[in-house]
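Data block below; observations after.
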Amino acid sequence: MFALVDCNNFYASCERVFNPKIKNTPIVVLSNNDGCVIARSNEAKALGIPMGEPAYKIQHLVNIHNIKVFSSNYTLYGDMSQRVMDTIKSVVDSVEVYSIDEAFVDLSSFQLFDIQDIALEIRQRVGQWVGIPVSVGMAPTKTLAKVANHMAKKQAIYNGICILESETEIQNALKLFPVGDVWGVGRKLSKHLQNAGITTAYELSMASDSWIKQNFTITGLKMVHELRGISCVPLEKMVPPKQSICTSRSFGKMVDDFETLAEAVSNFAARAAEKLRRQKSSANYVIVFVTTNRFRQDLKQYANQVVVNLPVASSLTSELIHYALIGLKSIFKEGFEYKKAGVIVSGIVPQDEIQTNLFDELDRERHEKIMCTMDLLNQKMGTDTVFISSQRNRKNNWKNRRELLSPSYTTNWNELPEAKASSDILPKKRIQ
DNA sequence: TCTGGGGTCCTAGGACCC
DNA sequence: TCTGGGGTCCTAGGACCC
(Lines give C-alpha, C1' and ligand atoms only; values in the text may rest on other atoms or scores of the structure.)
Protein backbone atom coordinates (compact mmCIF):
# COMPACT_ATOMS: atom_id res chain seq x y z
CA MET A 1 0.00 0.00 0.00
CA PHE A 2 0.98 3.58 -0.67
CA ALA A 3 -0.22 6.74 1.03
CA LEU A 4 -0.37 10.17 -0.51
CA VAL A 5 -0.21 12.96 2.04
CA ASP A 6 -1.31 16.25 0.50
CA CYS A 7 -1.53 19.63 2.21
CA ASN A 8 -4.91 21.28 1.87
CA ASN A 9 -4.79 24.58 -0.06
CA PHE A 10 -1.12 24.69 0.88
CA TYR A 11 -0.10 28.30 0.18
CA ALA A 12 -3.34 29.66 1.57
CA SER A 13 -2.92 27.49 4.68
CA CYS A 14 0.68 28.74 5.13
CA GLU A 15 -0.56 32.33 5.18
CA ARG A 16 -2.94 31.42 7.99
CA VAL A 17 -0.53 29.73 10.35
CA PHE A 18 0.95 32.93 11.76
CA ASN A 19 -2.04 35.13 11.00
CA PRO A 20 -4.97 33.58 12.85
CA LYS A 21 -7.15 36.61 12.17
CA ILE A 22 -7.78 35.25 8.70
CA LYS A 23 -8.67 31.74 9.84
CA ASN A 24 -12.15 31.83 8.37
CA THR A 25 -11.85 34.50 5.71
CA PRO A 26 -11.47 33.74 2.01
CA ILE A 27 -7.80 33.85 0.92
CA VAL A 28 -6.14 33.75 -2.47
CA VAL A 29 -2.43 33.62 -3.24
CA LEU A 30 -1.14 35.08 -6.50
CA SER A 31 1.61 33.84 -8.78
CA ASN A 32 4.87 35.70 -9.27
CA ASN A 33 4.40 39.27 -10.40
CA ASP A 34 0.97 39.21 -8.73
CA GLY A 35 -0.35 37.67 -11.92
CA CYS A 36 -2.75 34.76 -11.49
CA VAL A 37 -4.53 32.98 -8.67
CA ILE A 38 -2.50 29.89 -7.74
CA ALA A 39 -3.99 28.98 -4.38
CA ARG A 40 -7.39 29.44 -2.77
CA SER A 41 -8.77 28.71 0.66
CA ASN A 42 -12.03 26.75 0.82
CA GLU A 43 -13.95 29.97 1.35
CA ALA A 44 -12.42 31.45 -1.80
CA LYS A 45 -13.22 28.29 -3.77
CA ALA A 46 -16.81 28.55 -2.57
CA LEU A 47 -17.00 32.05 -4.03
CA GLY A 48 -16.32 30.53 -7.44
CA ILE A 49 -12.80 31.84 -7.97
CA PRO A 50 -11.15 29.57 -10.53
CA MET A 51 -7.57 28.37 -10.40
CA GLY A 52 -5.24 30.31 -12.69
CA GLU A 53 -7.54 33.31 -13.07
CA PRO A 54 -5.70 36.61 -13.70
CA ALA A 55 -5.85 38.77 -10.60
CA TYR A 56 -7.46 41.77 -12.30
CA LYS A 57 -10.41 39.63 -13.34
CA ILE A 58 -11.38 38.85 -9.75
CA GLN A 59 -10.91 42.36 -8.37
CA HIS A 60 -14.68 42.92 -8.07
CA LEU A 61 -15.07 39.73 -6.01
CA VAL A 62 -12.18 40.76 -3.80
CA ASN A 63 -13.93 44.05 -3.04
CA ILE A 64 -17.36 42.57 -2.44
CA HIS A 65 -16.32 39.65 -0.25
CA ASN A 66 -13.32 41.20 1.42
CA ILE A 67 -11.01 38.46 0.16
CA LYS A 68 -7.48 38.55 1.54
CA VAL A 69 -5.00 38.54 -1.34
CA PHE A 70 -1.32 37.62 -0.99
CA SER A 71 1.72 37.75 -3.26
CA SER A 72 3.43 34.37 -3.23
CA ASN A 73 6.00 34.07 -0.48
CA TYR A 74 8.12 31.12 -1.53
CA THR A 75 10.56 31.57 1.32
CA LEU A 76 7.72 30.95 3.75
CA TYR A 77 6.13 28.11 1.76
CA GLY A 78 9.47 26.39 1.22
CA ASP A 79 10.25 26.44 4.91
CA MET A 80 6.76 25.30 5.90
CA SER A 81 7.04 22.48 3.36
CA GLN A 82 10.30 21.36 4.95
CA ARG A 83 8.58 21.26 8.34
CA VAL A 84 5.66 19.24 6.99
CA MET A 85 8.01 16.72 5.33
CA ASP A 86 10.18 16.40 8.43
CA THR A 87 7.09 15.76 10.52
CA ILE A 88 5.81 13.07 8.15
CA LYS A 89 9.27 11.45 8.29
CA SER A 90 9.03 11.43 12.08
CA VAL A 91 6.04 9.09 11.76
CA VAL A 92 7.06 6.89 8.82
CA ASP A 93 10.32 5.93 7.21
CA SER A 94 9.84 5.57 3.46
CA VAL A 95 8.84 9.02 2.27
CA GLU A 96 9.09 10.46 -1.23
CA VAL A 97 8.78 14.23 -1.32
CA TYR A 98 6.82 14.55 -4.52
CA SER A 99 6.18 18.29 -4.61
CA ILE A 100 6.18 21.27 -2.31
CA ASP A 101 2.91 20.13 -0.74
CA GLU A 102 2.73 16.37 -1.37
CA ALA A 103 4.52 13.27 -0.17
CA PHE A 104 4.11 9.60 -1.05
CA VAL A 105 4.66 7.06 1.70
CA ASP A 106 5.44 3.36 1.21
CA LEU A 107 3.35 1.43 3.69
CA SER A 108 4.46 -2.05 2.68
CA SER A 109 6.24 -2.64 5.97
CA PHE A 110 3.03 -2.11 7.96
CA GLN A 111 0.15 -4.43 8.70
CA LEU A 112 -3.02 -3.50 6.88
CA PHE A 113 -4.97 -2.96 10.10
CA ASP A 114 -2.37 -0.42 11.25
CA ILE A 115 -2.53 1.95 8.34
CA GLN A 116 -5.63 3.84 9.46
CA ASP A 117 -3.77 4.68 12.67
CA ILE A 118 -0.70 5.80 10.76
CA ALA A 119 -2.78 8.14 8.63
CA LEU A 120 -4.43 9.56 11.73
CA GLU A 121 -1.07 10.06 13.39
CA ILE A 122 0.37 11.90 10.36
CA ARG A 123 -2.65 14.13 10.10
CA GLN A 124 -2.72 14.89 13.78
CA ARG A 125 1.02 15.48 14.14
CA VAL A 126 1.40 17.73 11.09
CA GLY A 127 -1.62 19.68 12.25
CA GLN A 128 -0.25 20.15 15.74
CA TRP A 129 3.45 20.64 15.02
CA VAL A 130 3.23 22.69 11.83
CA GLY A 131 -0.32 23.99 11.74
CA ILE A 132 -1.07 22.82 8.21
CA PRO A 133 -4.12 20.61 7.51
CA VAL A 134 -3.38 17.55 5.38
CA SER A 135 -5.43 14.85 3.68
CA VAL A 136 -4.30 11.26 3.36
CA GLY A 137 -5.28 8.82 0.61
CA MET A 138 -4.20 5.18 0.74
CA ALA A 139 -4.34 2.47 -1.92
CA PRO A 140 -2.28 -0.29 -3.55
CA THR A 141 -0.67 2.00 -6.18
CA LYS A 142 0.41 5.62 -6.33
CA THR A 143 -2.21 6.46 -8.96
CA LEU A 144 -4.96 4.97 -6.80
CA ALA A 145 -3.57 6.74 -3.73
CA LYS A 146 -4.06 9.96 -5.69
CA VAL A 147 -7.69 8.98 -6.29
CA ALA A 148 -8.15 8.17 -2.61
CA ASN A 149 -6.61 11.51 -1.66
CA HIS A 150 -9.04 13.33 -3.95
CA MET A 151 -11.92 11.62 -2.20
CA ALA A 152 -10.52 12.35 1.25
CA LYS A 153 -10.45 16.01 0.32
CA LYS A 154 -13.71 16.35 -1.53
CA GLN A 155 -16.06 14.28 0.60
CA ALA A 156 -16.60 15.37 4.17
CA ILE A 157 -17.55 11.87 5.39
CA TYR A 158 -13.95 10.71 5.09
CA ASN A 159 -12.70 13.30 7.53
CA GLY A 160 -9.46 13.72 5.62
CA ILE A 161 -8.51 10.06 5.39
CA CYS A 162 -9.61 7.66 2.67
CA ILE A 163 -8.45 4.06 2.22
CA LEU A 164 -9.16 2.18 -1.00
CA GLU A 165 -8.26 -1.40 -0.42
CA SER A 166 -10.60 -4.11 -1.71
CA GLU A 167 -11.33 -4.62 -5.40
CA THR A 168 -14.93 -3.49 -4.91
CA GLU A 169 -13.97 -0.34 -3.03
CA ILE A 170 -11.54 0.57 -5.77
CA GLN A 171 -13.97 -0.11 -8.60
CA ASN A 172 -16.78 1.82 -6.95
CA ALA A 173 -14.47 4.78 -6.45
CA LEU A 174 -13.24 4.67 -10.05
CA LYS A 175 -16.80 4.57 -11.40
CA LEU A 176 -17.43 7.98 -9.87
CA PHE A 177 -14.04 9.43 -10.77
CA PRO A 178 -13.85 11.63 -13.91
CA VAL A 179 -11.16 10.39 -16.29
CA GLY A 180 -9.71 13.89 -16.58
CA ASP A 181 -8.83 13.88 -12.87
CA VAL A 182 -6.67 10.77 -13.12
CA TRP A 183 -2.96 11.39 -12.41
CA GLY A 184 -1.29 11.59 -15.81
CA VAL A 185 -4.38 12.56 -17.79
CA GLY A 186 -4.14 16.17 -18.90
CA ARG A 187 -6.28 18.29 -21.18
CA LYS A 188 -5.31 16.62 -24.44
CA LEU A 189 -5.58 13.05 -23.26
CA SER A 190 -8.84 13.79 -21.54
CA LYS A 191 -10.36 15.03 -24.77
CA HIS A 192 -9.01 12.08 -26.71
CA LEU A 193 -10.49 9.65 -24.17
CA GLN A 194 -13.86 11.41 -24.09
CA ASN A 195 -14.01 11.14 -27.87
CA ALA A 196 -13.43 7.41 -27.53
CA GLY A 197 -16.36 7.24 -25.10
CA ILE A 198 -14.27 6.92 -21.95
CA THR A 199 -15.47 9.30 -19.26
CA THR A 200 -14.64 7.63 -15.94
CA ALA A 201 -11.48 6.20 -14.47
CA TYR A 202 -13.25 2.85 -14.30
CA GLU A 203 -13.85 2.81 -18.06
CA LEU A 204 -10.20 3.70 -18.59
CA SER A 205 -9.08 0.83 -16.37
CA MET A 206 -11.21 -1.55 -18.48
CA ALA A 207 -9.75 -0.50 -21.85
CA SER A 208 -7.64 -3.04 -23.70
CA ASP A 209 -3.87 -2.96 -23.32
CA SER A 210 -3.24 -2.89 -27.06
CA TRP A 211 -5.57 0.04 -27.67
CA ILE A 212 -4.04 2.02 -24.80
CA LYS A 213 -0.49 1.31 -25.90
CA GLN A 214 -1.25 2.26 -29.49
CA ASN A 215 -2.92 5.54 -28.56
CA PHE A 216 -1.18 6.60 -25.38
CA THR A 217 2.17 4.81 -25.50
CA ILE A 218 3.91 3.08 -22.67
CA THR A 219 3.14 5.90 -20.23
CA GLY A 220 -0.59 5.43 -20.75
CA LEU A 221 -0.30 1.69 -20.29
CA LYS A 222 1.48 2.09 -16.96
CA MET A 223 -1.24 4.45 -15.84
CA VAL A 224 -3.99 1.95 -16.71
CA HIS A 225 -2.18 -0.87 -14.91
CA GLU A 226 -1.85 1.33 -11.86
CA LEU A 227 -5.62 1.91 -11.94
CA ARG A 228 -6.07 -1.87 -11.94
CA GLY A 229 -4.00 -2.10 -8.79
CA ILE A 230 -0.71 -3.22 -10.37
CA SER A 231 2.03 -0.96 -9.06
CA CYS A 232 4.23 0.39 -11.88
CA VAL A 233 5.51 3.61 -10.34
CA PRO A 234 7.85 2.86 -7.44
CA LEU A 235 8.53 5.13 -4.48
CA GLU A 236 11.61 7.28 -5.06
CA LYS A 237 13.18 8.11 -1.76
CA MET A 238 16.29 9.71 -3.23
CA VAL A 239 15.82 12.85 -5.27
CA PRO A 240 17.78 12.47 -8.51
CA PRO A 241 19.84 15.53 -9.47
CA LYS A 242 18.08 17.83 -11.92
CA GLN A 243 18.94 17.51 -15.59
CA SER A 244 18.10 21.10 -16.32
CA ILE A 245 17.64 24.13 -14.15
CA CYS A 246 15.61 27.15 -15.22
CA THR A 247 15.39 30.58 -13.65
CA SER A 248 13.07 33.03 -15.33
CA ARG A 249 10.74 35.86 -14.44
CA SER A 250 8.21 38.16 -15.97
CA PHE A 251 9.19 41.76 -15.45
CA GLY A 252 7.18 44.14 -13.31
CA LYS A 253 7.36 46.64 -16.15
CA MET A 254 8.18 46.36 -19.82
CA VAL A 255 11.90 46.55 -20.52
CA ASP A 256 13.30 47.88 -23.78
CA ASP A 257 17.00 48.49 -23.10
CA PHE A 258 19.90 46.07 -23.13
CA GLU A 259 21.38 47.14 -19.78
CA THR A 260 18.27 46.30 -17.81
CA LEU A 261 17.87 42.97 -19.57
CA ALA A 262 21.54 42.26 -18.91
CA GLU A 263 21.06 42.89 -15.22
CA ALA A 264 18.04 40.59 -15.10
CA VAL A 265 19.83 37.85 -17.04
CA SER A 266 22.89 38.19 -14.76
CA ASN A 267 20.66 37.60 -11.77
CA PHE A 268 18.95 34.61 -13.37
CA ALA A 269 22.34 33.09 -14.20
CA ALA A 270 23.51 33.70 -10.62
CA ARG A 271 20.46 31.91 -9.22
CA ALA A 272 20.95 29.02 -11.64
CA ALA A 273 24.62 28.74 -10.64
CA GLU A 274 23.63 28.58 -6.97
CA LYS A 275 21.13 25.83 -7.68
CA LEU A 276 23.81 23.91 -9.59
CA ARG A 277 26.26 24.15 -6.71
CA ARG A 278 23.58 23.11 -4.25
CA GLN A 279 23.13 19.79 -6.07
CA LYS A 280 26.92 19.49 -6.60
CA SER A 281 26.84 19.58 -10.36
CA SER A 282 27.99 21.66 -13.30
CA ALA A 283 26.41 22.60 -16.61
CA ASN A 284 27.84 22.22 -20.11
CA TYR A 285 25.66 24.84 -21.73
CA VAL A 286 23.55 27.87 -20.96
CA ILE A 287 20.33 28.81 -22.74
CA VAL A 288 19.17 32.41 -22.66
CA PHE A 289 15.71 33.44 -23.81
CA VAL A 290 13.78 36.68 -24.07
CA THR A 291 10.20 37.35 -25.04
CA THR A 292 7.81 40.25 -25.45
CA ASN A 293 4.32 40.26 -23.92
CA ARG A 294 2.33 37.68 -25.91
CA PHE A 295 -0.95 39.04 -24.57
CA ARG A 296 -0.33 42.45 -26.09
CA GLN A 297 -1.08 41.74 -29.72
CA ASP A 298 -1.14 45.50 -30.31
CA LEU A 299 2.64 45.55 -29.81
CA LYS A 300 5.37 44.13 -32.05
CA GLN A 301 6.20 40.61 -30.93
CA TYR A 302 9.62 39.01 -30.65
CA ALA A 303 10.87 35.91 -28.90
CA ASN A 304 14.19 34.19 -29.27
CA GLN A 305 16.60 31.92 -27.50
CA VAL A 306 20.16 30.83 -27.91
CA VAL A 307 22.31 27.99 -26.65
CA VAL A 308 25.83 28.90 -25.52
CA ASN A 309 28.30 26.07 -25.05
CA LEU A 310 30.76 26.40 -22.21
CA PRO A 311 34.42 25.44 -22.74
CA VAL A 312 34.28 23.36 -19.55
CA ALA A 313 31.24 22.35 -17.51
CA SER A 314 30.88 25.00 -14.84
CA SER A 315 28.88 26.17 -11.85
CA LEU A 316 30.87 29.38 -11.34
CA THR A 317 28.54 32.37 -11.07
CA SER A 318 30.88 34.76 -12.87
CA GLU A 319 31.47 32.35 -15.73
CA LEU A 320 27.81 31.49 -16.23
CA ILE A 321 26.93 35.19 -16.20
CA HIS A 322 29.69 35.88 -18.72
CA TYR A 323 28.38 33.35 -21.23
CA ALA A 324 24.74 34.17 -20.55
CA LEU A 325 25.47 37.78 -21.46
CA ILE A 326 27.24 36.74 -24.66
CA GLY A 327 24.07 34.81 -25.50
CA LEU A 328 21.84 37.75 -24.65
CA LYS A 329 23.88 40.05 -26.88
CA SER A 330 23.35 37.72 -29.81
CA ILE A 331 19.55 37.64 -29.53
CA PHE A 332 18.79 41.14 -28.24
CA LYS A 333 17.02 43.37 -30.73
CA GLU A 334 16.43 47.05 -30.30
CA GLY A 335 12.91 48.41 -30.49
CA PHE A 336 10.89 45.82 -28.57
CA GLU A 337 9.12 45.88 -25.22
CA TYR A 338 10.43 42.82 -23.39
CA LYS A 339 8.24 41.20 -20.75
CA LYS A 340 10.15 38.15 -19.72
CA ALA A 341 13.60 36.61 -19.87
CA GLY A 342 15.23 33.53 -18.45
CA VAL A 343 18.30 31.38 -18.16
CA ILE A 344 18.33 27.59 -18.39
CA VAL A 345 21.44 25.61 -17.57
CA SER A 346 21.59 22.13 -19.03
CA GLY A 347 23.93 19.35 -20.02
CA ILE A 348 24.33 18.84 -16.30
CA VAL A 349 27.06 16.55 -14.97
CA PRO A 350 28.18 15.74 -11.44
CA GLN A 351 30.89 18.07 -10.14
CA ASP A 352 33.41 15.25 -9.89
CA GLU A 353 32.86 13.91 -13.40
CA ILE A 354 33.77 16.98 -15.43
CA GLN A 355 35.59 16.57 -18.72
CA THR A 356 38.44 19.08 -18.46
CA ASN A 357 39.89 21.11 -21.30
CA LEU A 358 43.59 21.17 -22.12
CA PHE A 359 43.46 24.82 -23.10
CA ASP A 360 41.40 25.99 -20.15
CA GLU A 361 43.13 28.95 -18.54
CA LEU A 362 40.84 29.48 -15.57
CA ASP A 363 42.12 28.55 -12.12
CA ARG A 364 38.97 26.66 -11.29
CA GLU A 365 40.02 25.42 -7.91
CA ARG A 366 40.50 28.96 -6.74
CA HIS A 367 37.21 30.15 -8.19
CA GLU A 368 35.41 27.28 -6.54
CA LYS A 369 36.75 28.37 -3.18
CA ILE A 370 35.42 31.85 -3.83
CA MET A 371 32.01 30.42 -4.71
CA CYS A 372 32.03 28.36 -1.56
CA THR A 373 32.71 31.44 0.55
CA MET A 374 30.11 33.45 -1.34
CA ASP A 375 27.46 30.77 -0.78
CA LEU A 376 28.26 30.64 2.93
CA LEU A 377 28.00 34.41 3.29
CA ASN A 378 24.77 34.64 1.33
CA GLN A 379 23.28 31.77 3.24
CA LYS A 380 24.12 33.30 6.56
CA MET A 381 23.54 36.98 5.85
CA GLY A 382 20.82 36.83 3.22
CA THR A 383 20.56 36.45 -0.56
CA ASP A 384 22.98 38.61 -2.55
CA THR A 385 24.91 39.94 0.42
CA VAL A 386 27.80 39.26 -1.96
CA PHE A 387 27.10 39.37 -5.70
CA ILE A 388 28.70 39.86 -9.11
CA SER A 389 28.71 43.49 -10.18
CA SER A 390 26.71 42.93 -13.37
CA GLN A 391 23.79 41.90 -11.17
CA ARG A 392 23.43 45.58 -10.29
CA ASN A 393 23.79 47.61 -13.46
CA ARG A 394 21.10 50.12 -12.68
CA LYS A 395 17.85 50.59 -10.80
CA ASN A 396 15.95 47.35 -10.30
CA ASN A 397 13.08 48.31 -12.51
CA TRP A 398 12.73 44.86 -14.02
CA LYS A 399 11.84 43.26 -10.69
CA ASN A 400 8.59 41.46 -9.99
CA ARG A 401 5.63 43.14 -8.50
CA ARG A 402 5.04 41.70 -5.03
CA GLU A 403 2.84 44.24 -3.44
CA LEU A 404 0.90 42.00 -1.10
CA LEU A 405 3.74 40.01 0.44
CA SER A 406 3.36 38.50 3.89
CA PRO A 407 6.33 38.41 6.30
CA SER A 408 8.86 35.58 6.08
CA TYR A 409 7.81 34.53 9.57
CA THR A 410 10.11 31.55 9.87
CA THR A 411 13.26 32.52 8.00
CA ASN A 412 13.98 36.18 8.76
CA TRP A 413 14.84 37.51 12.23
CA ASN A 414 13.23 40.83 11.40
CA GLU A 415 9.94 39.30 10.42
CA LEU A 416 9.22 36.89 13.25
CA PRO A 417 5.59 36.53 14.26
CA GLU A 418 4.56 38.61 17.24
CA ALA A 419 2.39 37.33 20.03
CA LYS A 420 0.79 39.95 22.18
CA ALA A 421 -0.51 39.07 25.60
CA SER A 422 -2.15 41.22 28.21
CA SER A 423 -3.81 40.47 31.50
CA ASP A 424 -5.49 42.27 34.37
CA ILE A 425 -2.46 41.71 36.53
CA LEU A 426 -0.18 43.57 34.18
CA PRO A 427 -2.62 45.94 32.56
CA LYS A 428 -0.13 48.45 31.27
CA LYS A 429 2.50 46.11 29.97
CA ARG A 430 2.50 44.58 26.59
CA ILE A 431 4.58 41.48 26.28
CA GLN A 432 6.03 40.64 22.93
C1' DT B 1 -3.16 48.48 -17.36
C1' DC B 2 -3.04 43.76 -15.41
C1' DT B 3 -2.12 37.18 -17.82
C1' DG B 4 3.53 32.44 -13.21
C1' DG B 5 7.51 29.39 -12.84
C1' DG B 6 9.96 25.07 -12.88
C1' DG B 7 10.35 20.60 -14.04
C1' DT B 8 10.13 15.34 -16.42
C1' DC B 9 9.22 11.88 -19.87
C1' DC B 10 8.31 10.15 -24.44
C1' DT B 11 8.32 10.04 -29.50
C1' DA B 12 9.38 11.03 -34.20
C1' DG B 13 12.62 11.96 -37.33
C1' DG B 14 17.15 13.10 -39.03
C1' DA B 15 22.06 12.20 -39.09
C1' DC B 16 25.22 9.07 -38.64
C1' DC B 17 27.63 4.32 -38.08
C1' DC B 18 28.87 -0.50 -39.97
C1' DT C 1 12.40 -1.60 -63.30
C1' DC C 2 14.63 -2.99 -59.19
C1' DT C 3 18.26 0.54 -54.48
C1' DG C 4 19.39 -3.53 -47.33
C1' DG C 5 19.29 -4.13 -42.54
C1' DG C 6 20.24 -2.98 -38.05
C1' DG C 7 21.70 0.04 -34.97
C1' DT C 8 22.79 4.67 -31.86
C1' DC C 9 22.57 9.39 -30.75
C1' DC C 10 20.62 13.80 -30.75
C1' DT C 11 17.01 17.29 -30.89
C1' DA C 12 12.56 19.47 -31.14
C1' DG C 13 8.23 19.38 -29.74
C1' DG C 14 4.34 17.79 -27.28
C1' DA C 15 2.36 15.87 -23.42
C1' DC C 16 2.17 15.76 -18.51
C1' DC C 17 2.99 17.24 -13.34
C1' DC C 18 2.97 20.66 -9.29
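Just so we're on the same page: letters track the sequence lines, and every chain starts at 1.
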Inset, instruction - Identify the residue among A:Lys142, A:Lys89, A:Lys237 that makes a salt bridge (Lys or Arg N to Asp or Glu O under 4.0 Å) with A:Glu96. - result: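 Of the listed residues A:Lys142, A:Lys89, A:Lys237, the salt bridge (Lys or Arg N to Asp or Glu O under 4.0 Å) partner of A:Glu96 is A:Lys142.
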
On the nucleotide [N], are OP1 or OP2 found under 4.0 Å from the side-chain N or O atoms that [X] carries?
{"X": "A:Ser244", "N": "B:dG6", "value": "no"}
{"X": "A:Lys242", "N": "B:dG7", "value": "no"}
{"X": "A:Lys146", "N": "C:dC18", "value": "yes"}
{"X": "A:Ser248", "N": "B:dG4", "value": "no"}
{"X": "A:Arg296", "N": "B:dC2", "value": "yes"}
{"X": "A:Lys340", "N": "B:dG5", "value": "yes"}
{"X": "A:Gln59", "N": "B:dT1", "value": "no"}
{"X": "A:Asn293", "N": "B:dT3", "value": "yes"}

Legend entry - Contact nearer the 5' end of DNA chain B, comparing A:Pro241 with A:Asp34: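 The 5'-side residue here is A:Asp34.
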
Legend entry - Given DNA chain B, 5'-ward residue of the pair A:Cys246 and A:Arg294, judged by closest heavy atom: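 Mapping each residue to its closest nucleotide by heavy atoms, the 5'-most match is A:Arg294.
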
NA contact type, [X], heavy-atom cut-off 4.0 Å: base, sugar-phosphate, or nothing?
{"X": "A:Gln243", "result": "sugar-phosphate"}
{"X": "A:Val307", "result": "nothing"}
{"X": "A:Ile100", "result": "nothing"}

Candidate nucleotides [options], ranked by approach to the side chain of [X] - the nearest:
{"X": "A:Asp101", "options": "B:dC9, C:dC18, B:dG7", "answer": "C:dC18"}
{"X": "A:Trp183", "options": "B:dG5, B:dT3, C:dC18", "answer": "C:dC18"}
{"X": "A:Lys188", "options": "B:dG7, C:dC16, B:dG5", "answer": "C:dC16"}
{"X": "A:Glu102", "options": "B:dT3, C:dC18, B:dC10", "answer": "C:dC18"}
{"X": "A:Leu189", "options": "C:dC16, B:dT11, B:dG6", "answer": "C:dC16"}
{"X": "A:Met254", "options": "B:dG7, B:dC2, B:dG5", "answer": "B:dC2"}
{"X": "A:Thr247", "options": "B:dG4, B:dG7, B:dG6", "answer": "B:dG6"}
{"X": "A:Ser31", "options": "C:dC17, B:dT11, B:dG4", "answer": "B:dG4"}
{"X": "A:Ile218", "options": "B:dG5, B:dT11, B:dG4", "answer": "B:dT11"}
{"X": "A:Ser99", "options": "B:dC2, C:dC18, B:dC9", "answer": "C:dC18"}

Rounded distance (Å) that lies between atom [atom2] of [N] and atom [atom1] of [X]:
{"X": "A:Gln214", "N": "B:dC10", "atom1": "CD", "atom2": "P", "value": "19 Å"}
{"X": "A:Asn63", "N": "B:dC2", "atom1": "CG", "atom2": "P", "value": "19 Å"}
{"X": "A:Lys191", "N": "C:dG14", "atom1": "NZ", "atom2": "C1'", "value": "15 Å"}
{"X": "A:Glu226", "N": "C:dC16", "atom1": "CD", "atom2": "P", "value": "18 Å"}
{"X": "A:Glu96", "N": "B:dT8", "atom1": "CD", "atom2": "P", "value": "14 Å"}
{"X": "A:Arg401", "N": "B:dG5", "atom1": "CZ", "atom2": "C1'", "value": "16 Å"}
{"X": "A:Leu221", "N": "B:dC9", "atom1": "CG", "atom2": "C1'", "value": "16 Å"}
{"X": "A:Lys339", "N": "B:dT1", "atom1": "NZ", "atom2": "P", "value": "13 Å"}

Inset, instruction - Give a yes or no on whether a salt bridge exists between A:Glu121 and A:Arg125, defined as a side-chain N under 4.0 angstrom from a carboxylate O. - result: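 Answer for the salt bridge query: yes.
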
Inset, instruction - Identify whether the distance between the nearest side-chain nitrogen and carboxylate oxygen of A:Lys146 and A:Glu102 falls below 4.0 Å. - result: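 Here A:Lys146 pairs with A:Glu102 in a salt bridge, since their nearest N and O are under 4.0 Å apart.
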
Would you say the rings of [Y] and [X] are close, in the sense that their centroids are separated by under 6.0 Å?
{"X": "A:Trp183", "Y": "A:Phe2", "answer": "no"}
{"X": "A:Tyr11", "Y": "A:Tyr74", "answer": "yes"}
{"X": "A:Tyr338", "Y": "A:Phe332", "answer": "yes"}

Inset, instruction - Once you apply the 3.5 Å cut-off to both distances, tell me the Watson-Crick or G-U wobble partner of B:dC18, or none. - result: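 Result: C:dG5.
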
Legend entry - Separation of A:Ile27 CD1 from A:Glu43 CD (nearest 0.5 Å):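 Reported to 0.5 Å precision, the distance equals 7.0 Å.
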
